[in-house]
Amino acid sequence: MMRSLYSGVSGLRTHQTRMDVIGNNIANVNTTAFKAKQMNFSDMLYQTTQAATGANAANGTGGTNPRQIGLGVKGAAINTTITTEGANQSTGNPFDLKITGEAFFVVSDGTNTFYTRDGSFDVDDAGNLCMASTGYIVQGWGVDQNGNIVQGNVGSISVTSLDTFGAAATTEARISGIIDANDSELENTKTGGKQVTVDVYDKAGYPYNLKFGILPVTTDIPSTKKIDNNETEYNLETIHKVDTSKLTYSYTVGTETRYLSNSLNPEIMDAMEQQIWKEVSGASAPAYVTEDADHTYELGKENCSVIFDLKQFLDDNYADKVLEFGGLLNDMQSLTVTFSGETGFVREKDFKGYPLSSELNPLKVDEEAVKKLYTTQDNVTYTAASTSVTSIRQNYVDDNQNSQTDYIFRVKSQTGTGTDDLDVKKDLQSEVARLLQNLGNPTGKTNSYVTQEDKSLSSPEKGRYRISLLGMTDSNQDDVDISRLLNNGTTTWDIVYDKSSGEFSYVGQEGNKAFTVNLSAVNDNGNFDNVSIDISDTTDGNNDKKCSVTGKKLDGRRIGTRSGVTIGTDGIVTALYSNGMSRKLGQICVATFPNAMGLENAGDNLYQVTASSGDVAIVDIKASGTGSLTTGILEMSNVDLSQQFTDMITTQRGFQANSRIITTSDTLLEELINLKR
């Protein structure tokens, strides 16, 4: 009977232990990468009251089974469900990692090595990847000087090293797209044809822009052009430079600037303007105009200003109308008259002084054009350099079939025996002609005739173009001096296409797909490398009369600063830089074991090697086929609450049943003791 008591006690103990295991599982239901444990029972020793016997043929009896009484239960094993993965928990943290498969992260406290499935990592102040909970350093492999992973001895991985990625000069580029022979831009020889740009970097990472022009290769055909000449002779006389400024009237009240409107009193405003012009031009003695160091009138000067005494002017001339200005005169300390500085030219005989007559319309013409025909006696009077000027207007169609107008201006020679051509550049020709037409006196001598001049008509060769380096600019759009390259290097290359299909054939010479710009010749600093530009991806064909060629650099970069760090599925830690480059910093290694369930829990989600687990193997997670890493995700606990609560119920019932063994055995003992009564 005592045996049943002790069997009940062993049952209570083992079920309590199982309840402890279940409680620990439930407590860690939200512990990162926690692995649930399972407890197995086994029966204990047995007391044999009769051994088993075999059959006895002599006596004709059969065998008997052994008679054994069990002595209770014990815990057989507590196993960790190490191979069952927990669910994914997305965090968005790039340093949070989840392992798929049965591998473990390797971490170190500096002395001991531990293993964990908890991938909640962080970066310490030294830049090392470490466990966020304990600070233990994540172990992995480093890189060599060429940035290749060196798998050997494991150590820490610094994710904040190498903050910059050096610059590099551009050495390769590409021009691609369609060249359409009917694109009008290809005919613009003034701009260098169809322009295409290629961005490049120098060795220090500074950006530049190479500008190329594409023109058709042409064959010249001799021809002539017809020029219509129209001669007109003009007599010149002295002209006068006049001020045509618009006047602005302002005054200050406190710190505020206010303006008089011309519509305030048109009669008074007009009279005031006439008085101002008389005084500043010296036509009358100054009475109302005040000039000082800050307010001095000067012919043609912009923002020139004088002070006008409006109060005195009104008192002297319009005393009966002062009230129309209301409180304005009380607010006004002084009236500032500002001149816009605009000027024009009139015949001196037409100029009657200021203010200009309403019938007079001064000619506004470039003063450089005036100086081609006149000499200046003072700052207002211009005397004709020649008594007469012949203007020859030439109309013709140029080589590009555009209508053009040129002028030739001739004056009598100093000897009086012939004529001399005036040197008037094209941008001033129309101004000089306008000056003659408005201020010159036509003599009536005119002449019209036709002349012819040799010219060349250009006929484009099918499938042949020429690309030329037009210039180079820096990041501020300032021109870079490339004269050394232009003088000492090749800057023009022929591009040849198949005449029937338009497919690219070669550039420069047979067999070449690219041409080289010798940028190293630009200066003595050696900060440029030569750039090879591949043009084989261009085609000559119809593109709705529009070329679509574009240029693109294939290498070269500015200096980059570290902009982020990524961890790949293979555990390789890569630094990203602002110039688009990347660099390997190391690789996270993982550990595998012959019997992972034999690892010993060390707390803090850590495991240690035991004799049962077998020796550790440090491997590359992808190369070994043991799984992969996922960033921004953590492995959750693999505790199944439904299973745990079910196990809790059966454990509770088992505990209750074992307690009943003890109470029932106690009742039997009590009855036995009561026999003495």
Side-chain angles (χ1 to χ4, degrees), residues 147 160 162-179 183 185-186 188-215 465-493 495 507-508 513-538 546-566 574-583:
T160 58
L162 304 173
D163 285 339
T164 61
F165 201 108
T170 300
T171 61
E172 293 184 347
R174 175 185 294 124
I175 293 177
S176 57
I178 301 172
I179 300 177
D183 189 340
E185 290 188 45
L186 286 171
N188 195 339
T189 56
K190 293 182 179 179
T191 62
K194 174 63 181 180
Q195 294 189 2
V196 58
T197 59
V198 177
D199 296 330
V200 296
Y201 285 109
D202 67 5
K203 293 180 180 178
Y206 290 105
Y208 294 85
N209 185 277
L210 298 179
K211 182 167 67 174
F212 296 91
I214 301 176
L215 287 168
Y465 299 89
R466 183 163 294 140
I467 184 168
S468 302
L469 178 62
L470 303 179
M472 182 176 182
T473 56
D474 59 19
S475 58
N476 296 321
Q477 299 304 309
D478 294 329
D479 290 333
V480 176
D481 182 10
I482 60 171
S483 57
R484 292 184 59 181
L485 173 58
L486 295 174
N487 296 333
N488 302 304
T490 302
T491 57
T492 299
W493 303 266
I495 316 171
V507 59
K513 292 184 178 181
F515 62 91
T516 300
V517 182
N518 296 320
L519 282 186
S520 58
V522 169
N523 54 43
D524 296 323
N525 298 327
N527 57 326
F528 289 103
D529 280 342
N530 294 339
V531 181
S532 175
I533 301 180
D534 189 328
I535 201 168
S536 62
D537 201 21
T538 58
K546 195 71 176 177
C547 293
S548 64
V549 285
T550 57
K552 179 181 180 182
K553 59 179 175 57
L554 300 181
D555 62 359
R557 58 183 179 271
R558 65 181 186 275
I559 296 176
T561 57
R562 183 166 45 80
S563 58
V565 176
T566 64
T574 304
L576 306 178
Y577 296 88
S578 59
N579 59 1
M581 302 302 292
S582 63
R583 176 187 282 129

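In this chain, numbering begins with 1 at the start of the sequence shown.
Taken from CZ in Arg174 to OG in Ser532, the straight-line distance is 11.0 Å, to the nearest 0.5 Å. Separating the CG atom in Asp529 from the OG1 atom in Thr171 is a distance of 6.5 Å, to the nearest 0.5 Å. From Thr197, atom OG1 reaches atom CD1 of Ile175 across 9.0 Å, with rounding to the nearest 0.5 Å. Lys211 NZ to Thr191 OG1: the interatomic distance, rounded to the nearest 0.5 Å, is 8.5 Å. Separation of atoms OH (Tyr208) and CG (Asn527) is listed at 6.0 Å; rounding is to 0.5 Å. For the atom pair Leu576 CG and Met581 CE, the distance stands at 11.0 Å (nearest 0.5 Å).
In terms of modelled atom types and a separation under 3.5 Å, the side chain of Asn518 and the main chain of Ser520 share no donor-acceptor contact. Between the side chain of Ser548 and the backbone N or O of Gly177 there is no donor-acceptor pair closer than 3.5 Å. Distance alone, capped at 3.5 Å, is enough to place a donor-acceptor pair between the Arg557 side chain and the Gly166 backbone. Asn579 places a side-chain N or O within donor-acceptor distance of the main-chain N or O of Arg558, the cut-off being under 3.5 Å. Between the side chain of Lys203 and the backbone N or O of Gly526, at least one donor-acceptor pair lies under 3.5 Å. At distances below 3.5 Å, not a single donor-acceptor pair connects side-chain atoms of Asp478 with backbone N or O atoms of Asp474. A donor-acceptor pair under 3.5 Å links the side-chain atoms of Ser578 to the main chain of Thr561, judged by distance alone.
Within the 4.5 Å cutoff, side-chain heavy atoms of Leu485 are placed close to those of Val517. With a 4.5 Å cut-off on side-chain heavy atoms, Lys194 and Ile179 do not count as touching. By the 4.5 Å heavy-atom criterion applied to side chains, Arg466 and Thr492 are counted as neighbours. Looking at heavy atoms from C-beta onward, Thr491 lies out of side-chain contact with Ser468 at the 4.5 angstrom threshold. Using a 4.5 Å heavy-atom threshold, the side chains of Ile214 and Cys547 count as separate. Using a 4.5 Å heavy-atom cutoff, the side chains of Thr160 and Arg562 are in contact.
Using modelled atom types and a 3.5 Å distance limit, the side chains of Asn530 and Thr516 yield no donor-acceptor pair.
Between Leu469 and Trp493, the shortest heavy-atom contact is N-CZ3, 4.3 Å. Nearest heavy-atom pair, Ala169 versus Asp555, reported as atom, atom and distance to 0.1 Å: O-OD1, 4.5 Å. In terms of heavy-atom proximity, Leu519 sits nearest to Met472 at CD2-SD, 4.1 Å. Nearest heavy-atom pair across Tyr577 and Thr164 is CE2-C, 3.7 Å. In this structure, Leu186 and Leu215 approach most closely via the heavy-atom pair O-CD2, 3.2 Å. Nearest approach of Phe165 to Ser582, heavy atoms of both residues: CE1-O, 3.7 Å.
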